[in-house]
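Each remark here refers to the structure printed beneath this line.
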Amino acid sequence: MSNPVVTRFAPSPTGFLHIGGARTALFNWLYARGRGGKFLLRIEDTDRERSTPEATAAILQGMEWLGLDHDGDVISQFDGAARHAQVAHQLLGERKAYKCFATQDEIAAFRDQAKSEGKSTLYRSPWRDAETASHPDSPYVIRIKAPQSGVTIINDQVQGDVTIRNEQLDDMILLRSDGTPVYMLAVVVDDHDMGVTHVIRGDDHLNNAARQMTIYQAMGWDVPVWAHIPLIHGPDGKKLSKRHGALGAQEYQAMGYAAAGMRNYLARLGWSHGDDEFFSDAQALDWFDLDGIGKSPARFDTKKLENLSGQHIAASDDAALRHEIQAYLVSAQQPSLTDAQLENLEKAMYCLKERSRTFPDLLEKAQFALVSRPIQPDQKAAKALATVSDGILSELTPQLQNVSWSRDDLETLLNSFAEAHDTKFGKLAGPLRAALAGRAVTPSVFDMMLILGRDETMARLTDAAG
RNA sequence: GGCCCGUUCGUCUAUCGGUUAGGACGCCAGGUUUUCAACCUGGAAAGACGAGUUCGAUUCUCGUACGGGCUGCCA
């Protein structure tokens, strides 16, 4: 516990925050926060063509929804371009890097031919050992001199020791011909400068780690702890990507999943702590560790997300739920609730939260508390109402006038009323529910009566009896 | 093509050589209930394949198959 942990999430702003990125962010957040370390956010926007401020905003919003707060300012990788270039030039000066004058056309032609001959497409620049005197006066890129023999071992906390033979490594480009840094350089410099101690990222970067290590070594910097986590696949097992049905984090918010449920689900995807399935943030923070991360890719399962979301809704306190529902409404572009509706919702929350999996689900069951008379029954409710004669409802209503408005007394009254009509309360419940809520799926009839109060209950029953 | 990684119920996973291979979601069947929802109980359901190491392999090694990733003056 000598050095404090510093992790980072480094998305490129070329689209929304998709679910795989969200999980990577969560793992980094969990690891740092669970150990009193720092969690940094860096936007990898060195690709000016594809980076957009909208994408950055979407990523930030997604993280905010998930409650993944970062330390310090959001860092723009592009802002560090001068420093990245400086490192490249330092390496150049130390002859650990060189100017390569090969044109993109030349390289492309080489690759095409290598491919057609079935040979390695690894490009070997002829300029690696060229004399400075022979340099033409034309644009060049700066490439690093990668080791060409021996091996590089990536000591990965998830993948184990991964050995790459150095002959597989190419002299990657550090600085483009326009002088701008390339990602491979920028990540290393930034991670080093930011003091990142643990790099937790998708395993699509596993091979890159070996190449990045050559930069660390050339600069004489300490290599961070690597943890390459397996990617998340779609329901069909294919890679989850923006063009392959992947949804942004915000879309899950708009679908009404509880953020805590999403965190729990995502944490459980690819990571485990024994048989624990449902857990709080505090527990996740306490338990999360790199050795609990699995090595095989996982598929995204909406059903389980739904289940976990429901469990977290049931476990949340009412005020927090109210706030999250309001945020959900905004994100789903639904009209917001009035103060009166909010008040009723909160009164009803105790019997709504344990039966709802998502917020739209909860709101649907809360209809009885949100609508005002006259109530328009939906199809199923209308059908339920049709099964009972209006006479019964109008006979029941006056009896509610003097009963004490408590659950026990209402139960006693309704049961004996049913008995008097030679039926069971169960037969009455459907129509009653329909009259009170205009819906077929609602909380208990008694809960609704208690929440609505005597006057409103009687009025609704009278309305329904026509 | 080359290199790297992976493979336990439909899905997420536990197991760190010896288990009736456990849990969760989903599914099916019952139950309870205010014919919904929620809840409870039970059930079906897995070690890709082939060798090897070992007294003993899901667990270790190798091969095959399948899946994934990387192979850019993208990140």
Side-chain angles (χ1 to χ4, degrees), chain A residues 10-14 44-47 49-51 77 100 102-104 107-108 111 114-123 139-143 154 156 158-160 162-165 167-170 172-178 180 182-184 186-187 202-208 210-211 228 230-231 233 235 237-239 265 268-278 291 294-308 310 314 351 354-357 361 365 380 384 387 411 414-415 418 424-430 432-433 439-447:
Chain A
S12 60
T14 54
E44 310 238 303
D45 51 359
T46 51
D47 183 346
E49 302 284 302
R50 298 194 302 155
S51 297
Q77 185 159 65
C100 171
T103 65
Q104 297 193 53
I107 298 171
R111 277 200 248 273
K115 206 166 224 171
S116 67
E117 290 173 6
K119 291 198 286 198
S120 168
T121 55
L122 195 108
Y123 181 69
Y140 59 87
V141 298
I142 295 181
R143 307 185 93 111
I154 304 164
D156 194 280
V158 174
Q159 307 289 341
V162 178
T163 303
I164 306 281
R165 289 199 305 282
E167 61 227 43
Q168 296 296 326
L169 264 25
D170 62 344
M172 66 197 163
I173 292 175
L174 264 19
L175 235 46
R176 300 186 182 97
S177 51
D178 64 0
T180 59
V182 130
Y183 160 80
M184 212 64 76
V187 234
D203 70 7
D204 47 340
H205 287 286
L206 181 58
N207 288 294
N208 289 339
R211 310 165 82 206
H228 288 92
L231 267 17
H233 289 176
K238 295 275 194 250
K239 182 189 181 185
Y265 177 70
R268 198 62 190 67
L269 208 54
W271 171 79
S272 61
H273 182 263
D275 282 337
D276 295 304
E277 299 283 351
F278 170 67
D291 61 18
K295 298 173 82 167
S296 53
R299 301 187 191 198
F300 194 79
D301 179 11
T302 312
K303 291 286 189 193
K304 189 150 181 177
L305 202 213
E306 225 170 71
N307 176 278
L308 253 9
C351 63
E354 58 195 28
R355 55 177 69 212
S356 308
R357 294 168 182 275
D361 183 17
K365 286 164 181 159
K380 281 185 179 168
T387 63
E411 259 183 65
L414 286 176
N415 276 314
K424 285 185 18 176
F425 174 57
K427 293 277 184 194
L428 246 48
L432 235 32
R433 176 180 287 125
R439 300 291 149 119
V441 178
T442 71
S444 129
V445 167
F446 299 110
D447 282 323

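A, B, ... follow the sequence lines: proteins, then strands. Residue 1 opens every chain.
Here the side chain of A:K427 is nearest to one of B:U35, B:C12, B:C5, namely B:U35. Minimum atom distance to the side chain of A:Q159 is reached by B:C5, of the listed B:G23, B:A75, B:C5. For A:D301, whose side chain is taken as the heavy atoms from C-beta onward, the closest listed nucleotide among B:A75, B:C70, B:G10 is B:G10. Closest to the side chain of A:T121, out of B:C25, B:C36, B:G1, is B:G1. When distances run from any side-chain atom of A:N208 to the nucleotides B:C3, B:A75, B:G26, the shortest one goes to B:A75. The side chain of A:R433 lies closest to B:U35 when the candidates are B:U35, B:A75, B:C5. Minimum atom distance to the side chain of A:F425 is reached by B:U34, of the listed B:A75, B:U34, B:C4. Residue A:R165 places its side chain closer to B:C3 than to any other of B:C73, B:C25, B:C3. Considering only the side chain of A:V441, B:A37 comes nearest among B:C25, B:A75, B:A37. Between B:G26, B:G68, B:U34, one nucleotide has an atom nearer to the side chain of A:K303 than all others, and that is B:G26.
Nucleic acid contact for A:V162: sugar-phosphate only, since backbone atoms but no base atoms lie under 4.0 Å from a heavy atom of the residue. If you check every strand for non-hydrogen atoms under 4.0 Å, A:A440 touches a base. Residue A:S444 is classed as a base contact, given a heavy-atom separation below 4.0 Å to a base. The residue A:S51 sits apart from the nucleic acid: no heavy atom pair falls under 4.0 Å. Here A:F278 lies out of heavy-atom contact (under 4.0 Å) with every strand. Residue contacts for A:A418: at a heavy-atom cut-off of 4.0 Å it reaches no nucleic acid atom on any strand shown. Among the heavy atoms of the strands, none lies under 4.0 Å from A:H228. Using a 4.0 Å heavy-atom criterion, one finds that A:T442 contacts the bases of the nucleic acid, with or without backbone contacts as well. Among the protein residues, A:E354 comes within range of the sugar-phosphate backbone only, with heavy atoms under 4.0 Å from sugar or phosphate atoms but none that close to a base. Here A:G310 lies out of heavy-atom contact (under 4.0 Å) with every strand. As judged by a 4.0 angstrom heavy-atom cut-off over every strand, A:G426 is placed among the base-contacting residues.
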Show your reasoning for whether side chain to side chain contact (heavy atoms under 4.5 Å, CB included) applies to A:F425 and A:N415.
-> CA-CA 6 Å; A:F425 174 57; A:N415 276 314; 3.4 Å; yes
Apply the test side chain to side chain contact (heavy atoms under 4.5 Å, CB included) to residues A:R211 and A:N208: give CA-CA distance (whole Å), side-chain angles for both, the deciding distance (0.1 Å), then the verdict.
-> CA-CA 5 Å; A:R211 310 165 82 206; A:N208 289 339; 3.7 Å; yes
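Rounded to the nearest Å, the gap between the C1' atom of B:U33 and that of B:C16 is 46 Å. To the nearest whole angstrom, the two C1' atoms, one in B:U19 and one in B:U58, are 11 Å apart. The gap from the P atom of B:U20 to that of B:C28 amounts to 32 Å, rounded to the nearest Å. One P atom belongs to B:G63, the other to B:C4, and the distance between them is 11 Å to the nearest Å. Nucleotides B:A24 and B:G42, compared at atom P, are 10 Å apart to the nearest Å. For B:C25 and B:U61, the C1' atoms lie 36 Å apart once the distance is rounded to whole Å. With C1' as the reference atom, B:G72 and B:A65 are 31 Å apart, rounded to whole Å. Taking the P atom of each, B:U8 and B:U59 are spaced 12 Å apart, rounded to whole Å.
Along RNA chain B, the nucleotide nearest to A:L308 and the one nearest to A:C100 differ in position, and the one closer to the 5' end is contacted by A:L308. Map A:P13 and A:H273 each onto its nearest nucleotide of RNA chain B; the residue landing nearer the 5' end is A:H273.
Whole-Å rounding puts the A:R211 CZ to B:G69 P distance at 17 Å. Rounded to whole Å, atom P of B:U7 lies 14 Å from atom CZ of A:R299. A:L305 has its CG atom 12 Å from the P atom of B:G26, to the nearest Å. Rounded to whole Å, atom P of B:U33 lies 11 Å from atom CG of A:N415. When the C1' atom of B:G72 is taken as reference, atom CD of A:E49 falls 14 Å away, rounded to whole Å. With rounding to whole Å, A:K424 atom NZ is found 9 Å from B:U32 atom P. Spacing between atom CG of A:L231 and atom C1' of B:A75 amounts to 13 Å, rounded to whole angstrom units. Remark: C1' of B:U13 and CZ of A:F300 are 16 Å apart, rounded to the nearest angstrom.
With values rounded to the nearest 0.5 angstrom, A:Q159 atom CD is found 8.0 Å from A:H228 atom NE2. Once rounded to the nearest 0.5 Å, the distance linking OG of A:S12 with CZ of A:R50 reads 6.5 Å. To the nearest 0.5 Å, atom CG of residue A:L175 and atom OG1 of residue A:T180 are 6.5 Å apart. Separating the CG atom in A:L308 from the NZ atom in A:K303 is a distance of 14.5 Å, to the nearest 0.5 Å.
A donor-acceptor contact under 3.5 Å is formed by the side chain of A:K304 with the base of B:A24. Looking at A:R355, its side chain comes within 3.5 Å of the base of B:A37 through a donor and an acceptor atom. Residue side chain A:D275 reaches the base of B:G22 through a donor-acceptor N/O pair under 3.5 Å, judged by distance alone. Side-chain N/O atoms of A:S177 and base N/O atoms of B:C73 include a donor-acceptor pair closer than 3.5 Å.
Remark: of the listed residues A:R433, A:R355, A:K365, A:R433 is the sole one forming a side-chain hydrogen bond (donor to acceptor under 3.5 Å, both in side chains) with A:T442.
Across all strands shown, B:C70 forms a Watson-Crick or G-U wobble pair, both distances under 3.5 Å, with B:G2. Pairing for B:U59 is absent, judged as Watson-Crick or G-U wobble with the two contacts each under 3.5 Å. Across all strands shown, the partner of B:A24 is B:U11, judged by Watson-Crick or G-U wobble contacts whose two distances both fall under 3.5 Å. Across all strands shown, nothing is found opposite B:A44 as a Watson-Crick or G-U wobble partner with both distances under 3.5 Å.
For A:R111 and B:G1, the shortest distance from a side-chain N or O to OP1 or OP2 is not below 4.0 Å. OP1 or OP2 of B:A75 has not a single side-chain nitrogen or oxygen of A:T14 nearer than 4.0 Å. For A:R268 and B:U13, the shortest distance from a side-chain N or O to OP1 or OP2 is not below 4.0 Å.
Taking the six-membered ring where tryptophan is involved, the planes of A:H205 and A:Y183 are tilted, since the angle between them lies from 30° to 60°.
Annotation for A:I154 and A:A210: closest pair CD1-N, 3.7 Å, computed over non-hydrogen atoms.
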